[in-house]
Number of protein chains: 4
Amino acid sequence: MANGENDFQELYKETLKKMDDLTDKQKQILQAALELFSSQGFSETSSAQIAERAGVAVGSVYQRFQNKQALLVAVLTPLLTQALPQAVDEFGTTAFQHSFDDVESFVDAIVPDRLRFIDKNYAALKLMADQIIVDDQGVINQLKAAFTNQMSTNVVPNIKRLQKAGKMVDLPEDYIIQFLFTAILGYFGKRLLNMPVNMTDEIKHITAFLTNGLMKH
Amino acid sequence: MANGENDFQELYKETLKKMDDLTDKQKQILQAALELFSSQGFSETSSAQIAERAGVAVGSVYQRFQNKQALLVAVLTPLLTQALPQAVDEFGTTAFQHSFDDVESFVDAIVPDRLRFIDKNYAALKLMADQIIVDDQGVINQLKAAFTNQMSTNVVPNIKRLQKAGKMVDLPEDYIIQFLFTAILGYFGKRLLNMPVNMTDEIKHITAFLTNGLMKH
Amino acid sequence: MANGENDFQELYKETLKKMDDLTDKQKQILQAALELFSSQGFSETSSAQIAERAGVAVGSVYQRFQNKQALLVAVLTPLLTQALPQAVDEFGTTAFQHSFDDVESFVDAIVPDRLRFIDKNYAALKLMADQIIVDDQGVINQLKAAFTNQMSTNVVPNIKRLQKAGKMVDLPEDYIIQFLFTAILGYFGKRLLNMPVNMTDEIKHITAFLTNGLMKH
Amino acid sequence: MANGENDFQELYKETLKKMDDLTDKQKQILQAALELFSSQGFSETSSAQIAERAGVAVGSVYQRFQNKQALLVAVLTPLLTQALPQAVDEFGTTAFQHSFDDVESFVDAIVPDRLRFIDKNYAALKLMADQIIVDDQGVINQLKAAFTNQMSTNVVPNIKRLQKAGKMVDLPEDYIIQFLFTAILGYFGKRLLNMPVNMTDEIKHITAFLTNGLMKH
DNA sequence: GATGAATGAGATTTCATTCAT
DNA sequence: TATGAATGAAATCTCATTCAT
């Protein structure tokens with residue numbers, strides 16, 4: 001890992017091309033890898049373990065995927081190219097296609113959706129977090145790209161509009177986004193720490209806090 | 001809060017000094033392990049690397065520490081039992097010994113201090129984050145314990161007082177703490193993502209956001 | 001008893017053949033391990049040595065066998081569960097299926113056969129002896145089981161018959177067996193001590209002594 | 001081990017010279033080594049273990065004893081030079097200084113004494129057995145020497161006398177000795193195999209068998 | 001003489017990857 | 001494509017031995 005951007009970017013592009021003709025076994029492998037990588041970490045997971053959980057032979061893992069690193073990429077690719085942008089997209093377009101009258105309904109539209117997204121994609125998010133910690137520049141850049149893109153085209157304009165309407169605090173847009181994310185990511189942190197979480201309460205309080213914090217009083 | 005007082009590295013070295021059953025070489029080993037573990041991750045660091053950086057023979061690592069895992073524990077234990085609680089303690093007492101008149105001065109007292117704490121202890125924090133991701137229950141529990149303890153004895157009462165004075169929003173104390181932390185941890189996240197950060201701006205905007213969000217308008 | 005029928009090496013190879021889940025290389029590993037373990041002892045034999053003699057890579061040893069101890073078990077198990085009981089069995093049935101008229105022909109039937117058995121199976125017996133000394137309870141119990149079983153079903157009745165006929169001394173059967181074995185094992189001891197042995201003489205004298213000692217005068 | 005006679009013989013002679021000025025700690029080391037070597041085997045015992053059981057530092061083991069091999073020699077030396085010859089001697093002189101009237105009293109004089117000797121020196125005998133199995137030529141030669149010496153000067157003449165008197169079977173003297181030993185060593189074997197033993201019974205039956213077997217009827 | 005930390009050579013073991021079937 | 005035995009490089013770990021205190 002952490003061996004520079006090129007390996008990852010190369011593999012990433014190649015993987016993207018091939019990403020549709022997946023056999024059942026190959027899907028099982030990706031599934032098993034996702035589960036194991038995210039629960040134990042990438043380096044703590046062996047090819048044998050993946051094969052076993054996927055119910056295939058070790059060789060089958062390498063039949064399709066050049067190496068373990070490539071398998072990681074293959075696991076992350078759909079996430080980074082499909083799920084995440086889509087999620088960001090939803091966050092951008094769906095959430096922002098309406099012209100919210102006030103910050104409250106704006107926050108209301110985002111928070112519950114994002115918390116559920118975390119629940120649904122917990123494993124994948126944990127895996128990304130792992131890669132960020134181990135300094136995988138490829139993953140990091142991919143993440144940044146996915147965000148910058150969507151955010152700048154969809155979210156930023158909407159925030160600006162709310163600010164101009166005098167409804168939202170006059171902080172730089174990237175900080176507005178940052179605070180939205182960190183408040184929401186607190187939920188992810190709680191899950192990482194095995195803390196008991198109650199979705200209803202989380203939604204209620206995070207919403208309240210964000211509304212209060214982003215609203216111009 | 002005085003500069004450097006709650007620097008993990010400082011605290012860690014002090015802790016090491018107090019461990020007078022440790023030889024110089026053993027301290028070098030712990031130091032090298034801390035550095036390598038936090039910069040590359042635990043599994044990405046080999047015994048040979050540690051020995052080399054510590055300037056000792058590989059065997060010397062195992063003379064004192066039963067195995068690599070035990071070395072990790074030896075590195076983390078003083079952090080989790082000494083440095084972290086002490087840092088949390090300072091956070092609790094120092095920051096909260098004054099009776100803040102309003103949320104603004106309360107937030108002002110915390111944010112700059114915590115951001116600098118993150119800067120100074122980036123390596124150690126990253127190591128802890130690594131362990132949380134890899135699901136090290138030991139680390140997780142230690143972290144929880146350190147926090148619950150200090151927070152409940154020092155921070156919670158202060159929050160309550162501010163709330164009773166009608167200055168702070170009426171959210172549960174643990175959520176107040178959660179929002180303080182997540183807003184601050186955003187800075188840690190930015191560093192993990194290699195994003196350019198400007199301390200002055202961070203302080204300014206995080207303070208502004210938290211003040212607005214926690215203040216009762 | 002026909003020559004070679006109860007040769008451990010033969011029986012061992014047959015057993016190996018029946019283990020059709022073993023590849024050729026794995027059989028070579030077991031064969032090499034048997035040879036090295038019994039000539040040098042278990043702890044004095046390294047994985048590298050085994051691999052070299054077997055003509056495989058070191059890793060191949062551990063591909064099939066979890067660890068060195070497991071390899072020892074794999075070597076001993078067929079000996080203790082297949083070869084040994086079968087050998088004991090032949091000893092029991094073949095030697096005792098006739099109704100010997102007197103102790104002399106009884107002893108005559110056993111001694112030469114057992115001495116040749118020791119010669120043929122010297123390596124395997126030495127390995128077992130090694131394990132007994134190092135207090136391997138597994139091996140010890142297996143050995144006991146193999147013996148108790150066969151002796152009680154086949155040998156004991158024959159001894160009793162000879163005793164009732166007034167031809168054999170009235171000692172407990174287990175002691176009769178013990179004396180037969182120890183007198184014969186003297187030959188094994190001589191070989192361990194690198195003493196010059198002459199099979200013809202050994203047979204002659206051991207037979208004479210046992211006949212005299214077990215006969216009722 | 002098993003590295004030729006010279007190492008052993010050299011060490012053996014050097015050890016002999018120094019064998020009197022032992023400090024308390026050194027005696028403890030020898031005792032601990034004897035216990036551990038005989039219960040687990042030589043190679044399965046580490047210097048650290050010996051030091052720990054002896055209650056001394058690891059270095060102290062090597063202060064006096066050149067290396068582990070030398071320690072083994074030092075453990076075996078008193079046995080091979082003192083206990084064993086003395087035992088053989090007793091077996092030779094004590095037991096044979098009387099002119100036994102018959103084989104029965106001759107056997108009676110030997111068996112109980114030897115069985116008790118085995119009990120008393122079980123650990124040391126086991127250690128010797130270990131060395132014999134691992135093919136330690138030094139030990140083997142020492143053993144042989146101790147025996148040949150004593151046997152030929154004391155025992156052989158006595159056996160010859162009994163044979164000439166027509167009381168003992170006319171087998172070669174070395175075989176007579178062999179049968180005496182093996183019958184008695186059966187007891188040692190039973191202990192190795194953790195079999196329940198009753199000294200009274202053993203004495204009774206071994207005596208009976210040997211008497212019958214060696215007596216000229 | 002006694003200590004035990006330090007050493008380094010070597011042993012065991014793991015595991016990503018290859019390749020013949 | 002799928003398999004899983006085989007590989008070998010590298011990692012973890014052990015331990016007899018040395019040496020400064």
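Within every chain, numbering begins at 1; the chains are lettered A, B, ... in the order of the sequence lines, protein sequences first and strands thereafter.
- Both C:Gly55 and B:Ser60 sit near DNA chain F, but only C:Gly55 has its closest nucleotide nearer the 5' end.
- A straight line from NZ of A:Lys27 to P of F:dT1 spans 13 Å, rounded to a whole angstrom.
- The phosphate of E:dG1 has OP1 or OP2 within less than 4.0 Å of a side-chain N or O from D:Gln63.
- For D:Glu44 and F:dC15, the CD to C1' distance is 14 Å, given to the nearest whole Å.
- For the pair D:Leu30/D:Leu71, a side-chain contact is recorded, criterion being any heavy-atom separation below 4.5 Å from C-beta on.
- Residues B:Leu36 and B:Arg53 are in side-chain contact: their nearest non-hydrogen atoms beyond the backbone lie under 4.5 Å apart.
- In a base pair of the Watson-Crick type (N1 to N3 plus N6-O4 or O6-N4) or a G-U wobble (N1-O2 and O6-N3), with each distance short of 3.5 Å, E:dA5 is matched with F:dT18.
- C:Gln49 places its CD atom 13 Å from the P atom of E:dG10, with the value rounded to the nearest Å.
- Distances from the side chain of B:Gln26 to the nucleotides F:dT12, F:dT17, E:dA6 place E:dA6 closest.
- Within 4.0 Å of C:Thr45, counting heavy atoms only, lie sugar-phosphate atoms of the nucleic acid but no base atom.
- Counting heavy atoms from C-beta on, the side chains of B:Asp24 and B:Gln28 come closer than 4.5 Å.
- No side-chain heavy atom of D:Lys25 sits under 4.5 Å from any side-chain heavy atom of D:Gln63.
- Backbone-only engagement by D:Ser46 is indicated by non-hydrogen atom pairs under 4.0 Å involving sugar-phosphate atoms exclusively.
- Regarding B:Lys68, its NZ atom lies at a distance of 16 Å from the P atom of F:dA10, rounded to whole Å.
- With DNA chain F read from its 5' end, the first of the two nearest nucleotides for A:Lys25 and C:Lys25 is the one closest to A:Lys25.
- One finds no side-chain N or O of A:Ser47 lying less than 4.0 angstrom from the OP1 or OP2 phosphate oxygen of E:dC15.
- B:Phe42 pairs with exactly one of B:Leu72, B:Val75, B:Leu76, B:Val134 by the side-chain contact (heavy atoms from CB on, under 4.5 Å) rule, that one being B:Leu72.
- Closest to the side chain of D:Tyr62, out of F:dG8, E:dA6, F:dA16, is F:dA16.
- The 5' end of DNA chain E is approached more closely, in terms of each residue's nearest nucleotide, by B:Arg64 than by the other of C:Ser43 and B:Arg64.
- When rounded to the nearest whole Å, the span between CD of C:Gln69 and C1' of E:dT13 equals 15 Å.
- In the set F:dT17, F:dA2, E:dA6, the nucleotide with an atom closest to the side chain of D:Val58 is F:dT17.
- The distance between atom CG of C:Asn67 and atom C1' of F:dC13, rounded to the nearest whole Å, is 14 Å.
- The CD atom of C:Gln66 sits 16 Å away from the P atom of E:dT12 (whole-angstrom rounding).
- Between the C1' atom of E:dT17 and the CD1 atom of A:Ile50 lies a distance of 13 Å, rounded to the nearest Å.
- Considering only side-chain atoms of B:Ala57, the nucleotide from E:dT3, F:dA6, E:dG8 that sits closest is E:dG8.
- With a 4.5 Å cut-off on side-chain heavy atoms, A:Ile50 and A:Phe37 count as touching.
- Of the residues near DNA chain E, B:Val61 and C:Phe42, the one whose nearest nucleotide (by heavy atom distance) lies more toward the 5' end is B:Val61.
- Side-chain proximity of D:Thr23 to the nucleotides E:dA5, F:dA5, E:dG1 is greatest for E:dG1.
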